[in-house]
*Asks:* 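Below: one structure in structure tokens.
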Amino acid sequence: MVAPPKQPIPGTHLFDGEAAAKGLALNAMCYSFNDAANRAAFLADEEAYCAKYHLTAEQRAAVAARDVIGMIRAGDNIYYLAKLAGIFGLNVQDVGSMQTGASLAAFNEMLAAQGRGETYETAHREMTHG
Amino acid sequence: MVAPPKQPIPGTHLFDGEAAAKGLALNAMCYSFNDAANRAAFLADEEAYCAKYHLTAEQRAAVAARDVIGMIRAGDNIYYLAKLAGIFGLNVQDVGSMQTGASLAAFNEMLAAQGRGETYETAHREMTHG
Amino acid sequence: MAEIVGAYFTSHVPAIGGAIHKGIQQEPYWKPFFDGFPKVHEWLAEVKPTVAVVFNNDHGLNFFLDKMPTFAVGAAHEYQNADEGWGLPLYKPFKGDPGLSWHIIEQLVDDEFDITTCQTMLVDHALSIPFELAWPGVDEWPVKLVPLHINTVQHPLPSAKRALAFGRSVHRALASWGADERIVVIGTGGLSHQLDGERAGFMNSDYDRFCMDHLASDPDALTKHDVHEIVRLAGTQGVEILNWIAARGALGAGAREIHRNYHLPISNTAAATMLLDPA
Amino acid sequence: MAEIVGAYFTSHVPAIGGAIHKGIQQEPYWKPFFDGFPKVHEWLAEVKPTVAVVFNNDHGLNFFLDKMPTFAVGAAHEYQNADEGWGLPLYKPFKGDPGLSWHIIEQLVDDEFDITTCQTMLVDHALSIPFELAWPGVDEWPVKLVPLHINTVQHPLPSAKRALAFGRSVHRALASWGADERIVVIGTGGLSHQLDGERAGFMNSDYDRFCMDHLASDPDALTKHDVHEIVRLAGTQGVEILNWIAARGALGAGAREIHRNYHLPISNTAAATMLLDPA
Ligand SMILES: [Fe+3]
Ligand SMILES: [Fe+3]
């Protein structure tokens, strides 16, 4: 018998079977972006490209809104998502800033604070409350 | 430590790592025949199709000669090979006849003899020596 | 809770599909094989499965040598049959049961099986023919599907011992599945046959009977041979007995044989059909 | 007989490749990380490896959710790097060692690891960046490659205990490899980082130090956390520590730490580099 479900980890969305089943169409689209021609096709006609991959309404809305947390909630995996983010010119700090709701500068400062020995909890509190 | 090499089994070519490494190009070509368009392309220009898959000289010669044992020796796996045999209109009895060097009728009789309770060894002896 | 209603085993020789397609099941060559199926149909009507957990092997349709898994588990919403290179008519699609698939996957990884998961997967004659034999001519398959794949193509293959343990881990998952389903376990392929090499046409009814005689009562007996020995005894493609062994494990500890049919040759193969009840 | 000369571990953050490409290794942001490498270069010049056995994880280049293996082993003659979606310059091809690959595969299946074998395989930044860090600017990589992949993408992931056992099975294969090779074991990725979710930017130097402190002397200590606990402690992508754990297993029973560098942040990651000698 599989162990009972674990305690959720705050701010963390495990890419498990449930997410994988939900996110398949969006992940398939993002996986296609390994190919430069597909990235160009997406940029040329985002609507048509998303339609071709049969994104769910939730997935399409999240992509249209460049809503990273929305994509994650819709089952996107960060490794595939990163390829879409690349098309938008977003790096992992940009993506971090979008997900935490902090400015890019504040997010980077939160990383740097950990580099100076602050715990994540402290650095995160400072980012959130100034 | 992996167990020492086993005794060879007469008349049997295990599709192991050595065969798989040797046969990759030919198996890749045969795998492509799941697609009807590829089967048609092979039939339309066998030489060009084989060149596209970079068959080794040994593989190309075996395919050109419809030499099933030659293909197996060149690393083809029977499941992939069966797709090529299908293009030539050969079923597994035809392929059996070609590999054993017996006529199709004699090969089928060898199978039927086993159905009547003869051992493979006896049935095979009868097939080989009339 | 789900109930495991029993296990169904059958050979899956492609030519069987041809015979069904041509409607020649009652011709002398085919009758002894198809005579094994009225009992299967009765039994299925009685045990009324709603889900099929099927151990089978791909024959170069879904898997290639670029990514050849030892064990793979399908987790799709739907599985399609596809052209295997012979241009034969395709079978109806198979409805998946992704919830049960992921439940099985969680159990397998927890039990240290290093599976490959497949959210899309094509299924070949190893699955469609046993389905068509079980439910001939239905408009829609009456069961949802969880397909499990065992490598019988490229050596090293998993051992019979490992295949049985794999099936037993699947059993633990089935036994703890909360949905109200009636699960039939299916093992396909075999029995003895060899398609390739100078020994093509090899069959061995002694070994086949040994396997059938021990399948219900003592499946561990089938694990005493290593894979090389199984090739020697059953032929290069007779290693498909691994699917039967794993399916037997998935049925659970006790089992009772309620039906057996054995006939050879069907094409180059010694063909067999069996039903086991849980016991 | 082959000799295992030691193990090299490093983070593989894509931005490192960008820094190398721009030649800004000595800028204040990057210097503390790159300062860990002169010692690596000295050590490699001394131990002179001829083959690298690399535990790493694909990031959506070679594997998709249609066929996602728990453990995969490359068995190609050559491995290519490829565009991961960011259009970055590609790295040189990597020469394979299929003989050693198949020797490892035989051992793993014999030890009941249910691997996926890959006769063709693309490798991503998880492999190319550690190579470029180790052998910067060379015309041709000085080692042949056997890449091993661990699923860190889709849960359920293998446990740390299973990853260590996987590495130990690989060690048995290396220890019995008859070719006259000098084998370096490489583990890539980590340490703590989380890219996704509201907790993005999470790092944890306490856990990282726990891992580094026990890697040589007591790797089993790293297996006391289950994967869920590792995610909690190391972040969603910090589970790449599984590559380090498996590589540690492949090094052999005894090990001695000879070099360590740890610096954060590099991009969103706590970056680390270590060298272990066999002991
Ligand atoms: Fe088969
Ligand atoms: Fe990574």
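Only heavy atoms go into these numbers, but all of them, side chains included; no hydrogens, no water, no symmetry mates. Lettering of chains follows the sequences in order, A, B, ..., and the numbering in each one begins at 1.
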*Asks:* Could you tell me which portion of B:Arg73 (side chain, backbone, both or neither) has an atom closer than 4.5 angstrom to a non-hydrogen atom of chain C?
*Replies:* side chain
*Asks:* Of the backbone (N, CA, C, O) and the side chain (C-beta and beyond), which part of B:Ile72 lies under 4.5 Å from a heavy atom of chain C, both, or neither?
*Replies:* side chain
*Asks:* Atom CG of C:Leu65 and atom OH of B:Tyr31: how far apart are they, to the nearest 0.5 Å?
*Replies:* 9.0 Å
*Asks:* At what distance, to the nearest 0.5 angstrom, does CE of B:Met110 lie from CE of C:Met203?
*Replies:* 7.0 Å
*Asks:* Minimum heavy-atom separation for B:Ile9 and C:Arg232, please, with both atom names.
*Replies:* CD1-N, 3.7 Å
*Asks:* With only heavy atoms counted, which part of C:Glu229 is less than 4.5 Å from chain B, the side chain, the backbone, both or neither?
*Replies:* neither
*Asks:* Heavy atoms only, distances under 4.5 angstrom: which of B:His13, B:Gln99, B:Glu121 has the most pairs with chain C? Name it, please.
*Replies:* B:Gln99
*Asks:* Show the atom names and distances, to 0.1 Å, of all donor-acceptor pairs under 3.5 Å that link a side chain in residues 13-24 of chain C to residues at least two apart or in another chain.
*Replies:*
none

*Asks:* Under 3.5 Å, side chain of C:Glu198 to main-chain N/O of B:Ile69, donor-acceptor pair present?
*Replies:* no
*Asks:* Rounded to the nearest 0.5 Å, what's the gap from CH2 on C:Trp86 to CG on B:Asn34? Could you check?
*Replies:* 8.5 Å
*Asks:* Tell me, side chain or backbone of B:Asn77 under 4.5 Å from chain C's heavy atoms, or both, or neither?
*Replies:* side chain
*Asks:* Of the backbone (N, CA, C, O) and the side chain (C-beta and beyond), which part of B:Phe33 lies under 4.5 Å from a heavy atom of chain C, both, or neither?
*Replies:* backbone
*Asks:* Rounded at 0.5 Å granularity, tell me how far NE2 in B:His124 sits from CZ in C:Phe202.
*Replies:* 11.5 Å
